[in-house]
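Let me begin by presenting the structure, written as structure tokens, before commenting on it.
Chain letters run A, B, ... following the sequence lines, proteins first, then strands; residues in each count from 1. All heavy atoms count here, side chains included; hydrogens, waters and symmetry mates do not.
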Number of protein chains: 4
Amino acid sequence: MTPAHPAPVVIDCDPGVDDAIALLLALASPELEVRGVTTVAGNVPLADVNRNAARVLDLAGAPAGLPLTSGLGGPIGRARHAHDAPVHGEGGLGGVRLPESRRQFRDTHAVDLLAEQALAEPGALTLVAIGPLSNVAMLLRRHPDAGTALREIVVMGGAAFVQGNITPAAEFNFFADPEAARVVLESGLVVRIVGLDVTHVATFPTEATEQLASLPGAAGVAGTMLGDYGRRERAISGLRGTPVHDALAVAAVSHSHLLGWESGQATVECAGTVTDGALVADLLTQDRTRATRVARTVDSQGFASLLNERLTGYAQSASRP
Amino acid sequence: MTPAHPAPVVIDCDPGVDDAIALLLALASPELEVRGVTTVAGNVPLADVNRNAARVLDLAGAPAGLPLTSGLGGPIGRARHAHDAPVHGEGGLGGVRLPESRRQFRDTHAVDLLAEQALAEPGALTLVAIGPLSNVAMLLRRHPDAGTALREIVVMGGAAFVQGNITPAAEFNFFADPEAARVVLESGLVVRIVGLDVTHVATFPTEATEQLASLPGAAGVAGTMLGDYGRRERAISGLRGTPVHDALAVAAVSHSHLLGWESGQATVECAGTVTDGALVADLLTQDRTRATRVARTVDSQGFASLLNERLTGYAQSASRP
Amino acid sequence: MTPAHPAPVVIDCDPGVDDAIALLLALASPELEVRGVTTVAGNVPLADVNRNAARVLDLAGAPAGLPLTSGLGGPIGRARHAHDAPVHGEGGLGGVRLPESRRQFRDTHAVDLLAEQALAEPGALTLVAIGPLSNVAMLLRRHPDAGTALREIVVMGGAAFVQGNITPAAEFNFFADPEAARVVLESGLVVRIVGLDVTHVATFPTEATEQLASLPGAAGVAGTMLGDYGRRERAISGLRGTPVHDALAVAAVSHSHLLGWESGQATVECAGTVTDGALVADLLTQDRTRATRVARTVDSQGFASLLNERLTGYAQSASRP
Amino acid sequence: MTPAHPAPVVIDCDPGVDDAIALLLALASPELEVRGVTTVAGNVPLADVNRNAARVLDLAGAPAGLPLTSGLGGPIGRARHAHDAPVHGEGGLGGVRLPESRRQFRDTHAVDLLAEQALAEPGALTLVAIGPLSNVAMLLRRHPDAGTALREIVVMGGAAFVQGNITPAAEFNFFADPEAARVVLESGLVVRIVGLDVTHVATFPTEATEQLASLPGAAGVAGTMLGDYGRRERAISGLRGTPVHDALAVAAVSHSHLLGWESGQATVECAGTVTDGALVADLLTQDRTRATRVARTVDSQGFASLLNERLTGYAQSASRP
Ligand SMILES: [Ca+2]
Ligand SMILES: [Ca+2]
Ligand SMILES: [Ca+2]
Ligand SMILES: [Ca+2]
């Protein structure tokens with residue numbers, strides 16, 4: 001059953017395994033209307049991100065006309081390009097090689113497409129940002145009216161009250177472009193943060209991953225990618241199950257109640273010796289604005305069920321004659 | 001019953017209400033042998049710290065010969081002097097005015113007394129540091145052999161995975177002298193950290209505070225100080241009960257099992273725009289040294305009972321003829 | 001005599017008195033072909049910058065069709081907006097009130113106009129950047145091919161080996177958007193830096209300023225603006241004469257030989273406690289690339305003569321019937 | 001002719017070739033009364049510094065009773081130990097191997113000896129600090145009254161308005177212990193800074209070095225060390241002649257008029273990405289205190305003559321029967 005009014009979203013991503021899962025989840029969620037996909041360098045360099053994005057959209061059976069466009073190839077304010085390739089496996093999709101795509105990228109730059117979509121229906125669009133925030137920050141600077149026209153920005157990023165995954169203090173997306181994250185969090189716009197505080201809790205069970213991997217079509221591919229990614233992540237982090245960071249950010253739009261939110265203010269350190277890219281949240285601030293909400297708790301089982309159901313659904317479409 | 005072998009400790013402090021409670025607890029703990037008290041600027045300026053330390057030792061009935069000596073009046077590597085007076089009330093002891101003390105400070109500087117005590121019985125002494133780490137860091141630099149001669153350093157400081165209390169990222173003691181904290185945590189010595197992660201959990205119940213306040217002698221004074229301090233702290237932090245940070249660090253020596261520890265490495269940010277003084281703990285490090293242990297969990301009830309019992313004990317000595 | 005091949009330039013500016021003088025100089029220089037003017041927040045907020053830019057172009061008698069377009073209203077990677085209004089006087093033009101302009105701004109954003117102009121004739125265009133480098137940095141990120149298509153970027157900014165003017169370590173333009181300056185200087189593109197090292201040397205003589213002020217038309221207005229600006233600057237800096245920072249950057253394009261250049265590498269500090277925005281030049285680097293050239297010496301008299309002659313020229317056009 | 005009242009100095013050093021030359025110069029200067037020598041890790045590790053200091057004092061024929069004592073083995077506020085060995089040659093004295101010394105180090109720590117000497121005659125003693133400022137900073141913190149009792153502190157360190165020698169922004173001594181330098185410069189005490197601004201100008205001529213090297217005794221050794229050091233330095237810095245940084249700081253006490261001074265305030269960056277350890281001088285400050293004086297100009301020939309004369313003098317004492 002499609003909800004009467006699915007929430008319009010654009011997804012800004014850097015696939016990456018968990019981005020791929022997030023796209024599969026979003027495109028299988030009747031609660032969401034995916035109006036576009038924009039790309040940004042992050043887990044892997046932009047060329048790889050773009051190749052992966054197109055192929056994952058094919059895998060998900062996304063309509064050929066879904067706007068897809070390429071964005072920034074690195075951070076907005078520094079030369080360093082941090083990539084996170086090892087954990088995402090060769091090529092960035094857990095070692096899986098998807099068929100080449102004929103999907104066309106728009107000529108419009110990601111930043112301009114985001115602006116166009118935001119201004120098309122002021123107050124309606126949710127921007128789900130699941131890569132470094134380079135595109136989003138440039139959007140806010142280059143098209144300030146478009147920023148204001150967004151309904152909200154849901155960000156996968158940061159480690160507010162848990163250890164980081166790229167440094168002890170920082171999560172990858174914020175570390176990869178700290179100034180961009182700072183611009184977004186200090187923008188005064190409504191931002192919801194889905195960080196490691198919840199994504200390292202709501203991991204996807206290993207058995208479910210294996211079961212998925214045995215299914216046909218996109219479901220099986222998703223399972224295979226998750227299996228590979230989970231093995232790599234667990235070797236580093238000692239987590240149980242497989243984190244699916246970006247997919248949780250998508251679920252935060254479609255099923256916000258799965259997460260427990262606290263409001264306050266937040267920013268990102270851009271100058272520290274050991275804290276570069278660290279999210280600093282102030283949930284005790286006396287400031288009444290409190291435009292930022294940080295996910296502190298999560299219904300892990302609820303999320304796992306949701307993700308499992310939606311990914312499993314791809315097996316059914318695959319097995320259709 | 002006094003244990004056969006109480007643990008020898010020197011307490012480096014900056015009273016401050018919770019330092020006062022920590023001193024009362026230590027001096028009432030048969031598990032500990034307090035071999036000296038050294039002071040450092042922190043919650044209040046050094047002159048106030050010194051006045052308070054002497055008076056609190058009188059209040060606790062500490063022997064006149066207990067070595068007491070004054071240390072550094074500010075941070076080791078910067079000019080800024082951060083104080084935390086407001087939360088500790090006028091004079092730094094929750095508004096309580098204790099009688100003037102005739103207790104003499106040694107001529108020896110705190111840093112030299114610490115060295116002397118450490119070297120007197122190598123491997124025996126625990127240094128309980130419950131103020132900014134200025135004295136401790138200078139000890140390690142000025143008397144490196146003395147640092148190595150310590151059994152361990154138990155530090156009250158830092159906010160590893162919770163919000164800070166002086167800035168969103170930093171706890172007061174580490175913020176007051178970040179370079180000192182960095183020197184101590186990067187020293188390679190065995191350091192245990194009792195930070196806001198546990199001190200904001202193991203708060204002292206308001207009813208117990210009120211009951212203490214109704215008792216005679218040092219017990220009553222302790223209750224009064226805690227009552228005042230608790231009210232001020234709760235207004236800022238939204239905590240339940242009253243934090244008694246420094247007392248928990250003392251208990252970490254006498255009753256280590258009340259806390260749940262994780263080992264790893266840690267340092268302190270000295271250069272951040274919004275993270276100056278932030279503790280950065282790496283509990284996933286592959287490094288096998290793992291000289292640092294961070295308290296992650298605490299038996300709040302066990303600690304409250306312990307503290308209540310020991311403080312209540314002061315009422316009995318007060319009411320003796 | 002117009003040179004056979006005047007150098008095509010676009011001027012990115014934040015008028016500001018010295019920007020106004022720079023525009024007057026550029027538009028009176030047959031050695032240059034001004035193909036566009038873009039604006040950026042800096043000395044004064046963007047709205048004031050835009051008002052001033054249009055009026056100064058009118059004052060200079062610039063053709064109505066000269067592309068003029070508005071750019072970024074603040075730094076690319078942080079929230080702070082530093083302005084420098086006091087030294088530029090009320091309104092930003094030395095207290096002078098110029099007539100309202102009917103000049104139209106293009107719809108194109110500055111960043112896109114710069115790209116268009118650069119790509120129109122690859123290898124030909126010099127970008128003269130005399131405000132904070134926000135637009136230029138976004139150009140390099142948003143349109144990387146356009147950056148490469150520039151002939152060179154001539155920047156007014158930085159204080160390599162002299163004291164800064166907004167902090168002891170930093171010059172205003174770099175301080176106003178340090179990340180942008182870092183992006184430009186670390187881009188690998190050919191950049192020439194005209195900083196306080198030379199602009200605080202090649203000041204415009206007070207007598208010449210007074211003489212200009214007595215002339216009709218734009219010449220007189222220039223003199224009046226310079227007189228006001230010089231008085232304010234001298235009160236702070238103890239300079240002789242009046243600095244005309246931005247005009248020297250224009251002269252660096254038309255009369256490069258007036259300056260003595262050294263090549264090397266450079267970047268901008270974005271993280272310091274007391275050095276935020278400081279230019280750090282390495283003119284001893286072993287790296288053979290040496291894409292950056294820093295002006296170290298200047299023919300002050302030659303520059304003063306040039307500027308005086310070109311500004312005086314406006315009196316003649318004003319007095320034509 | 002010995003002046004009626006030679007200026008009492010203690011020299012805090014990290015030999016190092018130029019420290020050796022500075023000691024030779026000081027001990028041959030009738031204008032100075034060297035009351036002690038303290039050591040600090042710097043150019044080479046502390047053990048090497050101590051070995052070199054004792055041997056150089058022997059070489060200079062310093063009295064056996066001259067107080068000599070060892071200080072800090074690294075920076076006061078961080079773990080990093082920067083050394084500068086390569087430029088000082090194997091062993092730290094330009095490859096020269098001096099005879100083993102029987103000279104005794106005092107038991108007193110350098111920091112305590114400095115305090116003792118300062119307090120012995122308040123207002124009289126000049127502390128000449130020609131290594132990292134670790135000892136000096138700890139002196140000011142550990143014995144604040146002793147700091148106030150100094151006549152002045154003359155520091156070799158920093159690169160105010162010239163390129164650094166260890167990074168583009170920083171000079172070695174300040175870079176090796178930035179927090180110590182910050183403490184000293186922000187202490188409010190009278191500090192004179194002899195930095196690369198003058199030491200890279202007042203280099204010692206190559207011919208004079210060669211002539212010295214041909215002389216007997218300490219003069220010849222000085223020439224040999226300078227020859228080696230000069231070759232290494234010139235390969236990096238493109239200087240003419242040989243810098244003798246530390247000797248110029250000694251001359252700044254005995255022959256202050258050789259240098260041109262400007263007063264103001266100064267501090268050292270401890271937090272920058274590319275400016276760590278950079279001296280930041282504010283010579284335009286409105287603050288009337290102006291406790292810091294920075295050498296901006298130098299009479300190179302006057303200094304070379306002085307140094308040459310004093311070093312040559314060692315040949316005469318060597319050739320005495
Ligand atoms: Ca992602
Ligand atoms: Ca304390
Ligand atoms: Ca300008
Ligand atoms: Ca030295």
Side-chain angles (χ1 to χ4, degrees), chain C residues 77 87 158-171 174-175 178-179 181-183 185-186 193 195-198 200-201 233-239 243 262-287 290 292 294 296, chain D residues 77 87 158-171 174-175 178-179 181-183 185-186 193 195-198 200-201 233-239 243 262-287 290 292 294 296:
Chain C
V87 83
F161 303 114
V162 295
Q163 186 166 329
N165 59 357
I166 183 88
T167 72
E171 175 276 339
F174 283 13
F175 182 79
E179 283 84 15
R182 175 167 66 183
V183 163
L185 295 187
E186 294 189 357
I193 298 177
L196 302 187
D197 303 70
V198 286
H200 271 182
V201 171
E233 270 281 359
R234 283 192 297 275
I236 299 169
S237 62
L239 291 174
E262 288 186 28
S263 76
Q265 293 178 336
T267 187
V268 170
E269 177 63 67
C270 300
T273 303
V274 293
T275 55
D276 197 22
L279 168 62
V280 175
D282 182 358
L283 303 181
L284 298 172
T285 179
Q286 304 295 326
D287 191 301
R290 296 183 159 271
T292 306
V294 178
R296 298 293 305 273
Chain D
V87 83
F161 303 113
V162 295
Q163 186 166 330
N165 59 358
I166 184 86
T167 71
E171 176 275 341
F174 283 14
F175 182 78
E179 283 84 15
R182 175 168 65 183
V183 163
L185 295 186
E186 294 189 357
I193 298 176
L196 301 186
D197 303 70
V198 286
H200 271 181
V201 171
E233 270 280 358
R234 285 192 295 276
I236 299 168
S237 61
L239 291 174
E262 287 186 30
S263 76
Q265 294 177 335
T267 188
V268 170
E269 178 62 67
C270 299
T273 303
V274 292
T275 56
D276 198 23
L279 167 61
V280 176
D282 182 359
L283 303 180
L284 299 171
T285 178
Q286 303 295 326
D287 191 300
R290 295 184 159 271
T292 306
V294 178
R296 299 291 307 272

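The side chain to side chain donor-acceptor pair (under 3.5 Å) test applied to T292(C) returns no partner, not counting sequence neighbours.
Contact detail for S237(C) and L284(D): the closest heavy-atom pair is O-CD2, 3.7 Å.
For Q286(C), the part sitting under 4.5 Å from any heavy atom of chain D is the side chain, from C-beta outward, and nothing else. With a 4.5 Å cut-off on non-hydrogen atoms, A281(D) touches chain C through its backbone but not through its side chain. Heavy-atom distances place both the backbone and the side chain of L283(C) under 4.5 Å from chain D.
Residues from residues 270-279 of chain D that place a non-hydrogen atom less than 4.5 Å from a non-hydrogen atom of chain C comprise A271(D), G272(D), T273(D), V274(D), T275(D), given in numerical order.
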